[in-house]
Amino acid sequence: MCGIVGYVGEKDAKSVLLSGLKKLEYRGYDSCGIGTIVDGKFLVNKNINRINSLEEEVASTPMSKIGVGHTRWATHGGATVDNAHPHVSNNKKVLVVHNGIIENYARLREMLKAKGYKFYSDTDTEVIPNLIDLYNKGDFMQAVKKAMDMLEGSFALGIINVDDPNTLVAAKRNSPLIVGIGDAESFIASDFSAILKYTDKISILENDEYAVLKNGGVYFYDSELNPCGKDFKFIDMKDEATEKNGYPHFMLKEINENTITIKNTVSEYIKDDEIVFDLKLTEEELKNINQIHIVACGTAMHAGLNGKNIIETLTRIPVNVEVASEFRYKNPILKENDLVIFISQSGETADTVACLELVKERGIKYMSIVNVKESTIDRMSENVIYTKAGPEIAVASTKAYVAQVCLIDLFAIYLAKILKTADKKHLKALTYDLKTMHASVQAVLEHPEKYADYAKSIANELDMFYLGRGLDYYVALEGSLKLKEISYIHSEACQFGELKHGPIALIEDGTNVIAICTSKILLGKVVSNIKEVKARGAKVLLITNQMQVPHEVYDEILEIPHIDELLSPILTVIPLQLIAYYATVEKGLDVDKPRNLAKSVTVE
Ligand code: AGP
């Protein structure tokens with residue numbers, strides 16, 4: 001899931017491309033590159049380090065008014081200069097940057113080789129400029145179309161032709177691409193954060209559409225190259241929203257934005273103490289739901305697990321939580337009165353998008369919870385509710401998770417009200433708790449040194465265990481993922497009750513355990529379980545809002561404010577986010593851009 005950007009206008013293209021790539025770096029950072037046209041030739045600079053290093057490299061290169069840029073998440077071939085983008089045709093006439101995967105590239109490569117083309121990289125992308133060149137008999141757009149018709153898989157492309165140095169061509173299928181327009185200049189980008197500095201007027205390219213950017217204008221064509229009109233929308237976001245604003249890392253900024261995120265998300269849907277959603281789904285349809293399926297990936301799936309607990313508790317409707325990459329190939333059992341809920345921060349995750357297409361084809365009712373407006377999942381969904389987390393830049397999702405849990409809790413209460421399946425007083429109290437939750441979150445954020453001290457003590461560990469029962473286990477899964485994905489410490493989340501059936505064999509002297517307990521009913525069970533791991537030498541940090549925990553049970557304790565058990569994950573996860581953050585800082589690792597990861601996974 002790379003990031004691409006392109007520019008045609010009066011400015012020095014490379015400065016526009018570099019500032020855009022810096023905003024897109026969270027999409028992949030294995031290598032980067034830009035390509036411009038200078039004196040009738042391509043000028044290509046590629047780098048296996050970060051954008052800043054590329055910026056130094058091109059500081060004194062000649063000015064150009066057109067160019068494309070790329071930041072890479074390697075899918076085909078290692079992080080080398082040869083595999084970095086842009087890729088150029090053998091005859092140096094066509095240059096391309098690509099986000100996506102060409103599934104039939106091997107066959108196309110063989111076909112092109114048989115026609116004398118040579119390949120210098122291991123990438124799937126390198127077939128594209130050569131394919132366009134193969135079909136270019138003078139009508140460049142026809143050549144681009146012919147080449148696109150040959151491609152299978154996903155692609156968002158920026159294409160420049162040395163013989164037409166004022167024109168940038170864009171094409172896409174199953175990979176996000178937007179077009180922006182300014183005064184006498186135009187842009188393409190994988191997402192609008194890359195060009196917000198220059199324009200807030202964008203249009204979103206649909207599958208198999210083309211855009212031709214030249215002379216400050218943009219011309220759109222459909223899959224048959226017939227001219228087609230497209231609207232431009234204004235993006236209601238300031239460039240500053242994607243800045244660190246004085247924080248050392250986006251992740252710490254975003255963890256501290258949990259408070260305002262909850263306030264904005266909850267106040268968006270609670271009007272006069274009533275939960276209001278603008279859904280096309282009717283009360284009748286909601287009343288007839290037999291089964292709910294929550295489909296998502298990674299952290300969003302963990303938020304879905306919280307949804308399962310509270311929806312089943314309040315509505316007694318069975319909820320199935322599915323990992324999207326499995327759901328899409330398992331021929332899922334979906335019935336007429338089922339409801340599928342998709343959760344995604346980016347709204348671009350390929351596996352989740354594919355599941356949505358499957359559910360849509362089957363005619364099953366669905367709704368989506370997304371954070372990024374105008375994203376693919378947003379535009380494919382009739383029923384959407386938005387988390388109000390604002391841009392989330394750090395690869396490790398934090399505030400978006402908290403907003404997703406808040407929203408799914410609100411939806412559970414809303415559904416229970418319609419179905420009259422829960423005590424009115426309890427629903428009122430839960431709504432009130434969510435309305436005031438931001439204050440409790442702020443209280444948890446108040447003393448970060450507590451979390452930093454603990455994080456320092458585990459930063460050099462190789463293994464960690466996160467233990468919980470019920471909802472606490474679902475939060476343990478998220479806490480464990482946060483630690484793994486940024487600190488590279490291997491960690492396992494496990495249900496307390498499952499320990500004796502195997503995993504406890506891994507507990508020995510000095511093994512670090514983070515135990516979570518926010519349930520009064522389960523407290524006794526949890527205390528015995530903790531004693532079992534303590535007996536094998538484990539060092540236990542207990543995160544709890546229960547007061548009667550005997551001291552000898554834990555080595556360290558982090559108390560969080562008391563809240564209704566059903567809502568506790570919103571508070572419990574914050575210490576886990578901060579522990580992962582500070583452990584990573586302690587190890588001197590790149591907090592916002594962990595190795596091998598990218599913010600939105602737009603390939604399968
Ligand atoms: C979480 O920190 C990760 N970045 C990852 O697991 C993420 O949650 C997953 O890729 C889903 O992304 P989405 O919410 O944008 O669909």
Side-chain angles (χ1 to χ4, degrees), residues 1 3 24-29 73 175-176 190-191 193 249-252 254-255 258 261 294-307 321-328 340-357 368-381 384-387 389-405 407-408 474-475 477-488 491 493 573-574 576-581 584 589-604:
M1 27 274 146
L24 293 174
E25 209 171 12
Y26 69 85
R27 301 175 66 90
Y29 27 87
W73 192 86
S175 190
S190 295
D191 73 50
S193 65
H249 301 101
F250 281 108
M251 186 177 179
L252 187 61
E254 290 157 6
I255 293 173
N258 274 315
T261 294
I294 299 179
V295 179
C297 301
T299 286
M301 187 273 288
H302 291 158
L305 289 168
N306 289 286
V321 178
E322 299 270 2
V323 170
S325 52
E326 296 293 323
F327 186 81
R328 65 184 291 184
V340 181
I341 302 178
F342 296 99
I343 307 179
S344 176
Q345 186 286 125
S346 62
E348 301 291 354
T349 302
D351 286 317
T352 312
V353 170
C355 293
L356 198 158
E357 277 157 359
S368 300
I369 295 179
V370 295
N371 191 47
V372 178
K373 275 204 166 172
E374 301 299 341
S375 59
T376 301
I377 290 177
D378 177 20
R379 286 178 293 111
M380 290 171 76
S381 309
V384 189
I385 44 181
Y386 299 99
T387 48
E392 189 177 65
I393 307 295
V395 168
S397 182
T398 52
K399 59 178 181 174
Y401 168 82
V402 166
Q404 287 158 355
V405 175
L407 214 38
I408 204 120
Y474 296 153
V475 178
L477 282 168
E478 178 53 16
S480 170
L481 176 63
K482 287 286 96 69
L483 190 76
K484 275 187 276 209
E485 67 178 314
I486 58 173
S487 76
Y488 316 149
S491 67
V573 77
I574 312 257
L576 301 178
Q577 293 174 348
L578 285 165
I579 287 169
Y581 169 77
T584 306
L589 299 169
D590 189 331
V591 170
D592 290 335
K593 298 189 185 79
R595 69 186 182 200
N596 306 342
L597 291 179
K599 183 65 183 172
S600 70
V601 183
T602 54
V603 292
E604 219 187 310

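In each ligand, atom 1 is the first atom listed, and ligand 1 is the first ligand listed.
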Going by heavy atoms in the side chains, are M301 and I343 under 4.5 Å from each other? no
Please indicate whether any nitrogen or oxygen in T352 is less than 3.5 Å from any nitrogen or oxygen in ligand 1. no
Atoms of ligand 1 less than 4.0 Å from S397 heavy atoms? 1 (C), 2 (O)
Donor + acceptor pair across side chains of S491, S480 (<3.5 Å): yes
Should you measure from each heavy atom of A396, which atoms of ligand 1 turn up under 4.0 Å away? 2 (O)
Counting only heavy atoms, which portion of S600 has something under 4.0 Å from ligand 1: side chain, backbone, both, or neither? neither
Among all protein heavy atoms, pick the one closest to atom 12 (O) of ligand 1 and tell me residue, atom and distance. T349 OG1, 3.4 Å
Distance filter under 4.0 Å to K482 heavy atoms, resulting ligand 1 atoms: 1 (C), 2 (O)
Checking K399 side chain against T261 main chain: does a donor-acceptor pair fall under 3.5 Å? no
Ignoring angles and geometry beyond distance, decide whether S344 reaches within less than 3.5 Å of ligand 1 through its nitrogen or oxygen atoms. yes
Side chain, backbone, both or neither: which part of M301 has a heavy atom under 4.0 Å from ligand 1? neither
Within the distance-only criterion (no hydrogens, no angle test), does the side chain of E392 pair as donor or acceptor with the backbone N or O of A400 below 3.5 angstrom? yes
Under a 3.5 Å distance rule, please check whether E254 uses its side chain to pair with a backbone N or O of I393 as donor and acceptor. yes
How far is atom 3 (C) of ligand 1 from its nearest protein heavy atom, and which residue and atom name does that atom have? E485 OE1, 3.5 Å
Would you check, one step at a time, whether the test salt bridge (Lys or Arg N to Asp or Glu O under 4.0 Å) holds for R328 with E604? CA-CA 11 Å; R328 65 184 291 184; E604 219 187 310; 3.7 Å; yes
Looking only at protein heavy atoms, identify the closest one to atom 4 (N) of ligand 1 and say how far it is in Å. V395 O, 2.8 Å
No-hydrogen, no-angle side-chain donor-acceptor test under 3.5 Å, S381 and S368: yes
Within ligand 1, which atoms have a heavy atom of A300 less than 4.0 Å away? 8 (O), 14 (O)
Nearest neighbour in protein (non-hydrogen) for atom 11 (C) of ligand 1: C297 O, 3.4 Å
So is there a nitrogen or oxygen of Q345 less than 3.5 Å from a nitrogen or oxygen in ligand 1? yes
Students should be able to answer this: which protein heavy-atom is nearest to atom 10 (O) of ligand 1, and at what distance? V601 CG2, 3.8 Å
Provide, to 0.1 Å, the distance between atom 1 (C) of ligand 1 and the closest protein heavy atom, together with that atom's residue and name. T299 OG1, 3.1 Å
Of the protein's non-hydrogen atoms, which lies at the shortest distance from atom 15 (O) of ligand 1, and what is that distance? S346 OG, 2.6 Å
Distance-only donor-acceptor check, side chains T299 and K482, under 3.5 Å: yes
Passes side chain to side chain contact (heavy atoms under 4.5 Å, CB included), I255 versus Y581? Steps please. CA-CA 9 Å; I255 293 173; Y581 169 77; 4.2 Å; yes
Can a side-chain donor-acceptor contact be found between N306 and Y401 if the only test is distance below 3.5 angstrom? yes
